[in-house]
Every structure is written in structure tokens, then in C-alpha cells.
Amino acid sequence: MAVSIPVTLLGTVFGLGLTGNTINLISLSGFILVLGIVVDDSIIIAESIHHYKSRGGDLYKNVVMGLKRVIMPVVTTIISTMLVMSSFFLMSGILGKFIYVLPVVVIFALGISFLEITFALPAHLSTTKVEKQRTWFIPVENFYNRFMHYGLRWRYLIVPLFIALLVYTSFFAFKNIPFNLFPSRGATVMFANIEAPNGSSAAYTEKIVIDVENLIVSEIGEDLKSYTSTIGSYFTNRANIEIALTPTSDRERAAEDMQEKLKVLVEDVEGAEKIRISLLRPGPPQGADIEVTLVSENDAQRDLAADRLEEILKSINGVDNINRNDEIGKPRIETVLDFDEMARLGVDYSAVYRHLRTAFSGSYVTDATIAGKDEDVRIYIGNGSNTENFIKNTTIKNRQGNSIPMSQFSTLREIEGEPDYNHLDGDRSIKLTASIADGRPRGRPSKVEQDKKLDEGQSLNKKPEEAPKVSRGPPPSKTIILAKALKELNASVDFPQVSIITSGGAQESIESLQDFLRAFVVAIVGIFLLLAILFNSYSQPMLVLAAVPFSLIGVVWAFYFHGEPLSFFALTGSLALMGVIVNDSLVMVSHLNYIKEKSASLEDKIVWIARGARDRLRPVVLTTLTTMAGVLPLAYGIGGTDVFLQPMVLALGYGLIFGTFLTLILLPCMYLMNYDFINMLGRIKTRFSRKKAAA
């Protein structure tokens, strides 16, 4: 069985090379995703062959019988998983291109695994001698058999309890666990956007930048790799600092904790009008979380609506980095010339123009080669930092060569900065963007909140009854926050001439996920038809598919207690979990059907169902233990840490723990309930037929 893993992985790598793909984070995610299914299939085949070999007799005949006994359920599982993973191919946009290699890896791995378990694994097992059955696991099987006798009698209580747990878990997850497609956990780049008062010089802005840089160095410390400051690229009152952090595996603090702490520290920086600290989220390129465009030809209403929406977004907890694309430009000084007075004084307009241009912009003199590059050489009047006082005090030579003060024929007028005018389909528009901070499960404080408690002298080690309750509110949701803001804006009543267009950087990802969900539903229908053909039943496929939602119970509680948000990689781990659970459930139902054909007429239904479930105990437990041994070390950073793969293996590992109880306890009970229901329908049909024949 151990040989199946390297054979499958090496074969998949060969297939990736043929298709022009590479080994990267997403392809590695695919390897982990398919690992549990590959191991499960190998264990199922090997256990069945070993069971038939232990009977004695012809070795090769027993190997073939063991393979034939379970090959159809295994093949059905492989085809079902391929159908589900093919749904990823229909995802559009950047997200679809980002994860394109994921289904490629899974399909390659499952195809090679099918060849390995069909031909190579039986050949390997047929060369070994029949060993005496070890008896250490038999007491466990006997205990489980006795337990199932009681559990099957209480099936009408056990199944509703599982359903109630599923419903409660669903509501709990909706209210307490946030969903971020690509959370900022694992980010290695931060940005500090600094804005000084309008009209500030580059030198003034530089002083603020230096203060912020000192805070960054002192707070981040050893976790800081480098930082780059850019001042005055577009306006002298604005600057940007790009902060590169060390890899997440080399530091203990999360990037979002550093972000929250810096947000608090920069509030004390003097002279700055606005300082925003943001993170570059990992994953495919994304824009702002929230993007609202207000369109109207009525300037007054459009501006008022934008101001009101900005106030609403600022008042919502978890929303920050609010920007709008109509920010007021720099104010400017206009020199108003009195041409009549200039004519009387003999001052030429061209002389005034050249004088002011030389003072503020410089006059071109010649070209010079400096460090191998051709540069313009300009001359300036004054010290290069002239203000409006220069215009008031400077003098211009008239046609007679006399110096005339400019104050005699000019006045200064200050003009307010004008906003940037943007258009959408020919109409003026204002676009507001905002980002939403990653949520934590309710009741789990952030690092900044913990530090604040320590500063206030509160103990974090208080007993539960003494510790103050931490209420962080519901997890932030882009959809909920946007709907709340637009409802409070009430544009249809207060701003009737303003049209609202909502989108955002996550909009394309949402549309891609909607494409995936539609394809996923079609794949589920295809899987149902496959199972209906395999079982020759329409009710038993529902038993297998019912394992999908139940298997997510363990995922939800694992992420809550670990303080993790649900994310894209958590969803991929859940898909891997579903593959393993569906595989075990399918083989369990198939084996119970086999037992039913042999023993249903000879034994009580509880006896043969409990015995059939006991027969599947060993492979189910082996699958759980081997998969957990492979993924949980990565979940806790044993031997290395990867913040992207950790949510995947966390979902797979803890989901499989609960899924084991699901397969071994809930599924036999549901099977017996279905058996009762089918028998009841049969009796009703027989009774109805007799009445019809008698009539």
C-alpha cells in the first residue's frame, strides 16, 4: 500500500510536465487534497484482498475475488471525484486561472491511482504468503459490534440528534465564523499610505515619513525584512511606504496583529492628516473589498451622496482604508495682472512670464551628459523653494531697464483645489472603495486587544467566571456590510438623481465561485445517477450524499476552536474530506447490500447490519489514522509551517475524525431506517395490489 503514494505522486508530476504545468503552491495543494483518497482506495482494496486470502485455498483466485468485491465502489468514487473537480475548470476570471492546475493534479493522480490499485497492488499482494490473522484488533471489532446492536435499536433517536447537531452547527458557523476567500493571514507585504495637509511641501511630508519609519522599525523589529519609502510621486503631500516582512515560517507574530498595532501607533504621529496601514493579501490579484460608484449629472447630489456614504462606512466596525476618486487637488495661487498699469509702466507680458517661469519651473539652458545620460540643464531664480511672497516682493525690468515691483501691477488670488472628474458611460461619477478587516471567530480577541488588557492591568489568566466577556460582534461580511451601508444611505429617497453601481475587487471572485457552484450542482446530479446505477436504487445514493453536509460539522468546530476563518484553502480541504467520506460511505453501503443478499432472510436485520458495519471497521479506522498521521503535523507546523496549506490539512484532519463516527455510527442507522422505509412501501404496495385484485 505504501508504494501507491510515491507511484501516484511521481506519475502526476510526469503528467504535469507533459501539460506544461509546474510544481507550485496550488499543485501541492492538489497533492494533499488527493492524498487521502489515494490512501483510502489502497486500504480498501488491500483489506478486501487480505480478507479473502485469509480464507485459504487458491491464492490468485482469492486475490481476484477480493479485488472484484470492492472494485466497482472504488471506481465509482474515483469517477465521482473527477466529476466534482472538473467543476473548477468552469470557473472564470482570474480565480479560475489561479486554481486551474488544482483539478489537473487531482484528475491525473486519481487516474494513475486507479491503474496502480487495479493492476500493481493486486500483483504485489499476490506474491505474499498468507499470514496468520493477528487477533489484537478482534476485541475492538467485538466491542463495536455490541455497540452497534444498541445503536441500531436507537436509530430513530441517533439520526435526529445528528441532524440537530448539523442544524445547530450551520447556524453557529453563519454567526460566529467569518469567511474570507483569501485572508490576510500569511501576508508578507504591508503598506503605509501617508497623507499630509493639502499643499504641504515634500520636505514637510518627509518629516512625517521619518516618524512613521521609526515606528515601523521599533514595532516590527526582527520581523522586518526591508521597507521602501516613496514621497511626492504625484503630490508632494502624499507618500507611500512598502514594508516587506520575513516569511511567516520565520516569525511568530501574524501580519494582521502587526497591522492592528501599527494602526494604533500611527494615530499619535503629528502633522499627518491621514495614515492608512494595509496588507497585501496573498492569492490572485484582487481589488478593494467594497466598491461603490455613484453616477449623476447633478454635482450637488452626487457629492452629498458620496459624503454621506463615506460617513456610513467609517461608522461600521471592521471597515477601513476608505478612499474616493474625487479627492480635492492642491490649491493654487493665481497672479492677476493689470495690463493697463503694465502698459503705463512699460512692462512687457513676455518679460513677466519668463521671470516667473525661471523662478518656479526653471529656464532651459542646454543639455549635459551626466552619468551617461542626457539631462536638461536649467537655471532658477532664488533658492528653489519660492512662495507667494516671492511674487509680491520680486521686481521686473521694464522697457527702459528700470526695476518695477510686481506688486504695482499685479495681485494674488488663491484658488481652491478642484476635484478629479471621472465619468462612467459619459456621466460624471464618484467611486468609493474600502477594505474589510479579516474577521476572527466571535469571542477570540486579537493581539492588540490582549495587549490593551495587559496595559490596563487585567489578567488574561483569570478563571472563566472572572474573565470579562469579549464580544467582537458578528464576523465582517462584504455582502452584509455593503447591504447595510446602502440601506442606511437610502439613495432612492434622499438622492433620487443618483444611480448606484456596486462591485469590488471580490466581485469577479464571487462570480467565479457562482460558476463553480452551478457546475458543482450539475456534478452532484451526475454522481447521484452514477450511484443509482451502482446500487440500482434511488434512495441509497441519498445515504451516501448525505455524508457530505454531515462531514463538515467537524470542520466548523475545528476552525472555531483554532480561531481560523474559513477560506478558499479550507474549502479545498473540505473537498478532499468529502472525497474520503463519500468513498468510505459508498463502500459501506455496498458491503451492507452484499450482506443483505446473503443474510437478510436468515437473520434479524440488526444482526446482519451490525456485522456488516463491523467488517468495515478496520479499513475506516486505518484510513483515518494514516491520513491524520500525514496531515496533522503540517497543521501544527511540525517540520515546517505553511499558512496556506494549514487550513486545508486542518479541515481534512479534524473533519475526518468526525467523519469516522459518521461512517461507523450514523450511516448504518440511516441504512436501517431506509431498509425499514423500503419494506414499509413494499407492504403498502402489496396490500394495495390485493385490494385492487379483490375489487
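These numbers were taken from a predicted model, which means no experiment stands behind them.
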If you measure from [atom1] on [X] to [atom2] on [Y], what distance do you get to the nearest 0.5 Å?
X      : Y      : atom1 : atom2 : result
Leu552 : Ser574 : CG    : OG    : 5.5 Å
Thr76  : Leu530 : OG1   : CG    : 6.5 Å
Leu35  : Leu9   : CG    : CG    : 7.0 Å
Leu424 : Ile501 : CG    : CD1   : 4.5 Å

Any chance the rings of Tyr100 and Phe88 have centres within less than 6.0 Å?
->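 Centroid distance Tyr100-Phe88: not below 6.0 Å, so no.
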Answer yes if the ring centres of Phe172 and Trp557 are under 6.0 angstrom apart, and no otherwise.
->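 Yes, the ring centres sit under 6.0 Å apart.
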For [X] and [Y], indicate whether the former's side chain and the latter's backbone hold a donor-acceptor pair under 3.5 Å.
X      : Y      : answer
Thr627 : Thr624 : no
Thr572 : Phe569 : yes
Asn422 : Asn325 : yes
Thr118 : Leu115 : no
Asn323 : Thr433 : no
Ser42  : Val38  : yes
Gln259 : Ile277 : yes

Taking [atom1] in [X] as the centre, count heavy atoms belonging to other residues, nucleotides or ligands within less than 6.0 Å. Is the count above 12?
X      : atom1 : result
Lys274 : NZ    : yes
Phe162 : CZ    : yes
Asp425 : CG    : no

Check [X] against [Y] and note the closest heavy-atom contact, atom names and distance.
X     : Y      : answer
Met85 : Pro103 : O-CB, 3.2 Å
Ile37 : Gly579 : CD1-CA, 3.9 Å
Ser87 : Ala523 : OG-CB, 3.8 Å

Is it true that the side chains of Thr623 and Asp40 contain a donor and an acceptor less than 3.5 Å apart?
->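 Indeed, the side chains of Thr623 and Asp40 share at least one donor-acceptor pair under 3.5 Å.
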Does a side chain donor of either Thr293 or Ser429 reach within less than 3.5 Å of an acceptor in the other side chain?
->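 No - no donor-acceptor pair under 3.5 Å links their side chains.
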Considering only NZ, NE, NH1 and NH2 on the basic side and carboxylate oxygens on the acidic side, decide whether Glu267 and Lys263 come within less than 4.0 Å.
->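 Result for this pair is no, no salt bridge flagged.
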Determine whether [X] and [Y] make a side-chain contact, defined as any pair of heavy atoms from C-beta on separated by less than 4.5 Å.
X      : Y      : value
Met670 : Met542 : no
Leu224 : Thr246 : no
Leu280 : Met190 : no
Met258 : Leu245 : yes
Phe528 : Leu545 : yes
Leu16  : Val101 : yes

List the steps and the verdict of salt bridge (charged side-chain N to carboxylate O under 4.0 Å, His left out) for Glu219 and Arg253.
-> CA-CA 11 Å; Glu219 170 58 27; Arg253 291 189 299 172; 2.9 Å; yes
